[in-house]
Engineer: 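Dropping the structure in here first, questions after.
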Amino acid sequence: MTKFFALVDCNNFYASCERVFRPDLEGRPVAVLSNNDGCVVARSSEVKALGVAMGVPFFEVRALFQRHGVAVFSSNYELYGDLSARVMAVLARYSPDLEVYSIDEAFLGLDGFERWDLNAHLGELRRTVRRWTGIPVSVGAAPTKTLAKVAAGRAKKTPELGGVLVLDTPAAVAAALALTPVGDVWGIGRRWSKRLEAMGIQTALEFSRQPEARVRKTMGVTGARTLLELRGQPCLGLETQPADRKSCVASRSFAQTVTAFDDVKDAVATFAARAGERLRHGHGSGGAMVAGQVCAFALTDRFAENAPQCHAAATVALETPSNLTVDLTRAALAALRRAYRPGYRYKKAGVMLLDLAPETRAQPTLFAPTVEDRDKAERLQRALDGLNGSARGGGRDLVRLGAAGFGHGGHLRREHRSPRYTTHWSELKRVRA
DNA sequence: TCTGGGGTCCTAGGACCC
DNA sequence: TCTGGGGTCCTAGGACCC
């Protein structure tokens, strides 16, 4: 049985999510901004047609957007996460093997579908996702994951294909590769595509014909893997079980730079609490996790070329791995005290939790508090989570440790956020059919 | 004035040990 | 004047992804 994969890719996902509840925006330009309303992170096709690149700073295109009546949204991850789950639930009906690769992409295993009319099957999948969730998707299918990505990319860029491209013959593969710039290949980023183009390699097809030994030598094993995948030799399998995460970062840029230790401290305490919350909720995988090390960091503004730069960071090991806010905050602040350097204008700070492991019941070390003490601490944490979770009106920071101060971790610009239609009843009003 | 946030993997080089 | 070689572990930095 030969391998076969499909990749389903949501078109302009965040922009499409905003349109689901604003049908009046159909056919009109829509853009979604990053945190802090800093960069453009999603663009409808109309915005792409204006020549706006992914990731450009908002202030550079603000005037252009105004002239063309672009509907601008701050990112609303609660909405996008919920719609993503709905899309994935539909996909699961089309293959027993599903790998949720990111918020807007999934691979399907199609081994054993050889006798099916894949074009018809995937076309129906596409129509069903659209009808049931409102999200338009592109679908590519091929003998390797990298080729499936290429196919989906072609499907998205070629309207005549009707959103689906199946690469099941060497000729079809070669034709798609010839039309794909080498920098668009999954695994070949900005750095490598620049170097390859300088060597005269422009397309994915040209790259696929390079000698393997040479690619392995210059680009390492990952480059060689990409090469073989493009030649139809699968090196990457379907990963249907989400792997346990190894780290967890909570960080933000400040709207204004801060200098005082206490200001950085307030932010770091907030981030420690936020990261701990994620660990207790499973952090993307199965059950709750605990961290063995806590790193706190504070960075100056990398765009302020004339300002003195500083990357302050320190890591502290926990005596006993934990996911409790008290433990993580204490460790994060100890790390910060060690890392902080006065006099710099800090633009961003964060907390990184490392050495993550699944939470297994109490293993107190010789020096750790007694089982009873940890029990008490965990009960307190659950009580805090309960209060914050049930807080109405989006007040998720209702109860916080004193160290987090008041008001920080905020300073976040979000001037264009849409209602959280699907997760907050109070924000669902007058949605047209 | 205004430039995101959250991840993973690979590699090279140093420290250390025998 | 001579001053090995090889294995392992750790870390920092680079590259990639969405």
Side-chain angles (χ1 to χ4, degrees), chain A residues 7-10 12-14 31-42 52-63 65 72-77 80-81 84 99-107 145-146 149 152-153 182-196 216-226 229 235-236 239 242-257 271 274-275 278-279 283-285 293 295 297 299-305 307 311 313 315 347-356 409 411-416:
Chain A
L7 176 74
V8 179
D9 191 351
C10 300
N12 323 320
F13 183 55
Y14 298 167
V32 179
L33 306 179
S34 64
N35 274 313
N36 258 336
D37 292 349
C39 300
V40 176
V41 293
V52 176
M54 174 72 173
V56 297
F58 179 42
F59 70 86
E60 283 179 10
V61 292
R62 191 192 293 266
F65 279 10
V72 174
F73 294 90
S74 302
S75 33
N76 182 350
Y77 291 104
Y80 311 150
S84 172
E99 173 185 342
V100 177
Y101 176 68
S102 73
I103 194 166
D104 67 339
E105 283 176 57
F107 288 101
K145 290 171 105 178
T146 306
K149 285 271 240 179
V182 71
D184 287 0
V185 172
W186 189 38
I188 299 182
R190 239 192 19 251
R191 290 297 211 297
W192 280 117
S193 61
K194 223 178 204 158
R195 282 184 62 179
L196 291 168
R216 183 177 299 272
K217 196 167 166 203
T218 55
M219 298 177 67
V221 297
T222 39
R225 232 170 359 228
T226 299
E229 284 250 318
C235 302
L236 306 170
E239 283 164 36
D244 282 346
R245 298 218 177 280
K246 296 170 180 173
S247 64
C248 173
V249 178
S251 75
R252 283 287 179 279
S253 298
F254 304 125
Q256 275 94 35
T257 55
F271 300 139
R274 190 160 300 164
R278 268 189 235 149
L279 247 48
H283 190 34
S285 40
Q293 297 185 65
C295 168
F297 61 89
L299 316 175
T300 48
D301 185 353
R302 66 199 163 107
F303 295 103
E305 286 171 20
H311 181 147
T315 302
K347 177 67 178 170
K348 177 176 181 171
V351 167
M352 198 179 320
L353 305 181
L354 304 159
D355 257 10
L356 302 191
H411 283 1
L412 198 59
R413 259 195 306 274
R414 273 177 121 196
E415 291 166 7
H416 312 275

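Numbered from 1 within each chain, the chains take letters A, B, ... in sequence-line order.
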Engineer: Just jot down the ring pair (Phe, Tyr, Trp, His ring centres under 6.0 Å) partners of A:F73, sequence neighbours excluded, or say none.
Structural biologist: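 Listed in chain order: nothing, the list is empty.
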Engineer: Mark yes or no for whether A:T146, through its side chain, and A:T226, through its backbone, hold a donor-acceptor pair below 3.5 Å.
Structural biologist: no
Engineer: Any base atoms under 4.0 Å from A:V185, or only sugar-phosphate, or nothing? Heavy atoms, all strands.
Structural biologist: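 Result for A:V185 = sugar-phosphate.
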Engineer: What's the shortest heavy-atom distance between A:S251 and A:F297, and which atoms?
Structural biologist: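 Smallest interatomic distance, heavy atoms only, reads CB-CZ, 3.8 Å.
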Engineer: If we take the C1' atom in both B:dG4 and C:dC17, what is their distance in whole Å?
Structural biologist: 15 Å
Engineer: Expressed in angstrom and rounded to an integer, what is the separation of A:R190 atom CZ from C:dG14 atom P?
Structural biologist: 13 Å
Engineer: Under the ring pair (Phe, Tyr, Trp, His ring centres under 6.0 Å) rule, collect the residues that match up with A:W186, sequence neighbours excluded.
Structural biologist: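 Ring pair (Phe, Tyr, Trp, His ring centres under 6.0 Å) check on A:W186 returns A:Y101, A:F107.
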Engineer: Can you list everything that forms a side chain to side chain donor-acceptor pair (under 3.5 Å) with A:S75? Sequence neighbours excluded, please.
Structural biologist: none
Engineer: For A:D301, check side chain to side chain donor-acceptor pair (under 3.5 Å) against everything at least two apart and list the hits.
Structural biologist: none
Engineer: Take the protein atom CG of A:N35 and the nucleotide atom P of B:dT3, then report the distance between them rounded to whole Å.
Structural biologist: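 Rounded to whole Å, this separation is 12 Å.
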Engineer: In whole angstrom, give the distance that lies between atom CG of A:D301 and atom P of B:dT3.
Structural biologist: 7 Å
Engineer: How many Å lie between CG on A:N36 and P on B:dT1, as a whole number?
Structural biologist: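 For the pair A:N36 CG and B:dT1 P, the rounded distance is 17 Å.
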Engineer: Starting from Watson-Crick (N1-N3 plus N6-O4 or O6-N4) and G-U wobble pairs under 3.5 Å, report the runs of at least three that DNA chain B belongs to.
Structural biologist: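 When the pairs of DNA chain B are grouped into runs of at least three, the stems are B:5-18 with C:5-18.
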Engineer: How long is the line joining CZ of A:F303 and C1' of B:dG4, in whole Å?
Structural biologist: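 Taking CZ of A:F303 and C1' of B:dG4, I get 10 Å after rounding.
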Engineer: Mind checking if A:D104 touches a base, just sugar-phosphate, or nothing, with heavy atoms under 4.0 Å?
Structural biologist: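 Sugar-phosphate contact only.
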Engineer: Let me know the distance between CG of A:N12 and C1' of C:dC18, rounded to the nearest Å.
Structural biologist: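 To the nearest whole Å, that distance equals 14 Å.
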Engineer: Would you jot down, in residue-number order, the residues of residues 53-61 of chain A having a non-hydrogen atom under 4.0 Å from DNA chain B?
Structural biologist: A:P57, A:F59
Engineer: Roughly how many Å is it from CG in A:L236 to C1' in C:dC16, rounded to a whole number?
Structural biologist: 13 Å
Engineer: To the nearest 0.5 angstrom, please state how far the CZ atom of A:R278 sits from the CZ atom of A:R245.
Structural biologist: 10.0 Å
Engineer: Is the distance from OP1 or OP2 of B:dT1 to the nearest side-chain N or O of A:K347 less than 4.0 Å?
Structural biologist: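 For A:K347, the contact criterion (side-chain N or O under 4.0 Å from OP1 or OP2 of B:dT1) is not met.
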Engineer: Salt bridge (Lys or Arg N to Asp or Glu O under 4.0 Å) with A:R216: which residues, sequence neighbours excluded?
Structural biologist: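 If we apply the salt bridge (Lys or Arg N to Asp or Glu O under 4.0 Å) test to A:R216, skipping adjacent residues, the hits are A:E212.
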Engineer: When you check every protein heavy atom under 4.0 Å of nucleotides 6-12 of chain B, what one-letter string (B, S, -) results, 5' to 3'?
Structural biologist: SSSSSS-
Engineer: Name all residues meeting the salt bridge (Lys or Arg N to Asp or Glu O under 4.0 Å) criterion together with A:D9; count only those two or more places apart in sequence or in a different chain, and write none if there are none.
Structural biologist: A:K156
Engineer: Could you pull out all residues at least two apart from A:Y14 that satisfy ring pair (Phe, Tyr, Trp, His ring centres under 6.0 Å)?
Structural biologist: A:Y77, A:Y80
Engineer: Considering residues at least two apart in sequence or located in another chain, which fulfil the side-chain contact (heavy atoms from CB on, under 4.5 Å) criterion with A:L279?
Structural biologist: A:C248, A:H283, A:M289, A:A291, A:N323, A:L353, A:L356
Engineer: Which whole-number value in Å describes the distance from A:H416 NE2 to B:dG4 C1'?
Structural biologist: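 Value for this atom pair: 15 Å.
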Engineer: Taking only residues two or more places apart in sequence, or in another chain, which ones meet A:D244 in a salt bridge (Lys or Arg N to Asp or Glu O under 4.0 Å)?
Structural biologist: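 Partners of A:D244 by the salt bridge (Lys or Arg N to Asp or Glu O under 4.0 Å) criterion come out as none, since no residue qualifies.
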Engineer: Pick base, sugar-phosphate or nothing for A:I188, based on heavy-atom distances below 4.0 Å to the nucleic acid.
Structural biologist: sugar-phosphate
Engineer: Can you identify which nucleotide, out of B:dG4, C:dC18, B:dC2, has its nearest atom closest to the A:R62 side chain?
Structural biologist: B:dC2
